[in-house]
Protein chains: 2
Amino acid sequence: MNLKKATEIGKCLSNQTRFQVLEWLKEPEKHFPPHETLKHFNDGVCVTYIQEKSGLSQSTISTYLTNMEKCGLLISTRHGKWSYLKRNEKTIKQFTDFLT
Amino acid sequence: MNLKKATEIGKCLSNQTRFQVLEWLKEPEKHFPPHETLKHFNDGVCVTYIQEKSGLSQSTISTYLTNMEKCGLLISTRHGKWSYLKRNEKTIKQFTDFLT
DNA sequence: TTCACATATCGAGATTTATCAATATGTTTG
DNA sequence: CAAACATATTGATAAATCTCGATATGTGAA
């Protein structure tokens, strides 16, 4: 973790929706319905569910999630036509360690 | 700590200078010369030193520090004509706990 | 009380971000 | 392959942030 990377993460955390997504993804089963095909949340939650819950447009959420992945806050996994997002606890810890 | 407060802190952390200030204030004696009147860094570092080190204008730094104090990242103490700033470890911990 | 210095606030222009609708790209299924 | 669905990218506009110089306020010293 360095200052530049930490600041990029800070940017992601400067918006309520983006921060909220990270909170939701702590406990997907509490905040999202089960997936149709996948029977677990091991790889997180699909973009559509996050988009619906956020209330923002599909393009906005897609951009948010892409950026959050780029700076290491999220891990994206593709299964068929769906992209699943989960928290990247490793980067999150590096960030909080850097701050502390 | 709640989402709104955490996002305000995120905003502070979305700028390299502001994040850097927090890093500098971890070890003031490593990054700043000793104060003339005060012989310690118990209350942190005066605005002028932070401003000089940052290279930004006095007004910009003053605004940054004020905002960082408002959202609880810094504690400000006045001694005579100087304001000293130090990290507010309590809020920082609440923030990292909230994120984790 | 006046001067000098430390910090805060104001007003403004340049840059960045928020957010959308429209469109494009992937991927499965019929 | 064509249709349908999931996600990504583009282009645009409104809002927010960055940053400064100028100015105001607060405080100790002469």
Side-chain angles (χ1 to χ4, degrees), chain A residues 3-4 7-22 25 32-38 41 43-71 73-86, chain B residues 3-4 7-21 25 28 32-38 41 43-71 73-86:
Chain A
L3 188 65
K4 187 161 179 297
T7 307
E8 280 163 18
I9 291 176
K11 273 185 195 153
C12 287
L13 302 179
S14 71
N15 171 288
Q16 286 203 217
T17 301
R18 288 188 299 254
F19 211 131
Q20 179 88 81
V21 167
L22 278 178
L25 291 180
F32 299 96
H35 292 119
E36 306 268 319
T37 48
L38 236 56
F41 288 110
D43 288 324
V45 178
C46 70
V47 176
T48 305
Y49 282 5
I50 298 175
Q51 188 251 307
E52 284 168 355
K53 196 167 175 71
S54 76
L56 292 181
S57 75
Q58 187 269 321
S59 64
T60 298
I61 283 296
S62 176
T63 304
Y64 282 5
L65 297 176
T66 299
N67 288 340
M68 290 172 81
E69 194 205 348
K70 265 183 194 150
C71 78
L73 279 174
L74 295 179
I75 295 171
S76 170
T77 311
R78 185 126 201 175
H79 289 280
K81 23 183 202 173
W82 296 280
S83 280
Y84 296 84
L85 280 308
K86 68 176 171 187
Chain B
L3 188 64
K4 187 162 179 299
T7 307
E8 279 164 18
I9 291 176
K11 273 185 195 154
C12 286
L13 303 179
S14 72
N15 172 289
Q16 286 204 218
T17 300
R18 287 188 300 254
F19 211 131
Q20 178 88 81
V21 167
L25 291 181
F32 300 97
H35 292 119
E36 305 269 317
T37 49
L38 237 57
F41 289 110
D43 289 321
V45 178
C46 69
V47 176
T48 305
Y49 281 5
I50 298 175
Q51 186 251 308
E52 282 169 356
K53 197 166 175 72
S54 75
L56 292 180
S57 75
Q58 186 269 321
S59 64
T60 298
I61 282 296
S62 176
T63 304
Y64 281 6
L65 297 176
T66 299
N67 289 338
M68 291 172 81
E69 194 205 347
K70 266 184 192 148
C71 78
L73 278 174
L74 295 179
I75 294 171
S76 170
T77 311
R78 185 125 201 176
H79 289 280
K81 18 182 207 174
W82 296 279
S83 280
Y84 295 84
L85 280 308
K86 69 175 170 189

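Numbered from 1 within each chain, the chains take letters A, B, ... in sequence-line order.
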Exercise. B:F41 and B:H35: side chain to side chain contact (heavy atoms under 4.5 Å, CB included), yes or no, with the steps?
Worked result: CA-CA 8 Å; B:F41 289 110; B:H35 292 119; 3.7 Å; yes
Exercise. Would you say A:L13 and B:T7 make side-chain contact, with heavy atoms under 4.5 Å?
Worked result: no
Exercise. Can you tell me how far C1' of D:dT9 sits from CG of A:L65, to the nearest Å?
Worked result: 14 Å
Problem set entry | Inter-residue atom distance B:K86.NZ - B:S76.OG, 0.5 Å rounding | 10.5 Å
Exercise. When you match A:W82 and B:C46 each to their closest nucleotide on DNA chain C, which lands nearer the 5' end?
Worked result: B:C46
Problem set entry | Residue pair B:T17 / B:I61, side-chain heavy-atom distance below 4.5 Å | yes
Exercise. Rounded to whole angstrom units, what separation is found between the NE2 atom of A:H35 and the P atom of D:dC5?
Worked result: 18 Å
Problem set entry | Interface limits on DNA chain C, where chain B has a heavy atom under 4.0 Å of a nucleotide atom | C:dC5 to C:dT9
Exercise. Whole-Å distance between D:dT7 P and A:E69 CD?
Worked result: 13 Å
For this session: Determine whether A:N15 and A:Y64 make a side-chain contact, defined as any pair of heavy atoms from C-beta on separated by less than 4.5 Å.
Result: yes
Seminar exercise, completed: Shortest non-hydrogen pair, A:D43 vs A:Y84, comes out as O-CB, 3.2 Å
For this session: Send over the distance from B:H79 NE2 to D:dT27 P, rounded to a whole Å.
Result: 14 Å
Exercise. Nucleotide by nucleotide, 5' to 3', does protein get under 4.0 Å of the base (B), only the sugar-phosphate (S), or neither (-) in nucleotides 14-20 of chain D, counting heavy atoms?
Worked result: ---SSBB
Problem set entry | Close side-chain approach of A:T48 to A:E52, heavy-atom, < 4.5 Å | yes
For this session: Could you tell me whether the side chain of A:L85 reaches within less than 4.5 Å of the side chain of A:V45, counting heavy atoms only?
Result: no
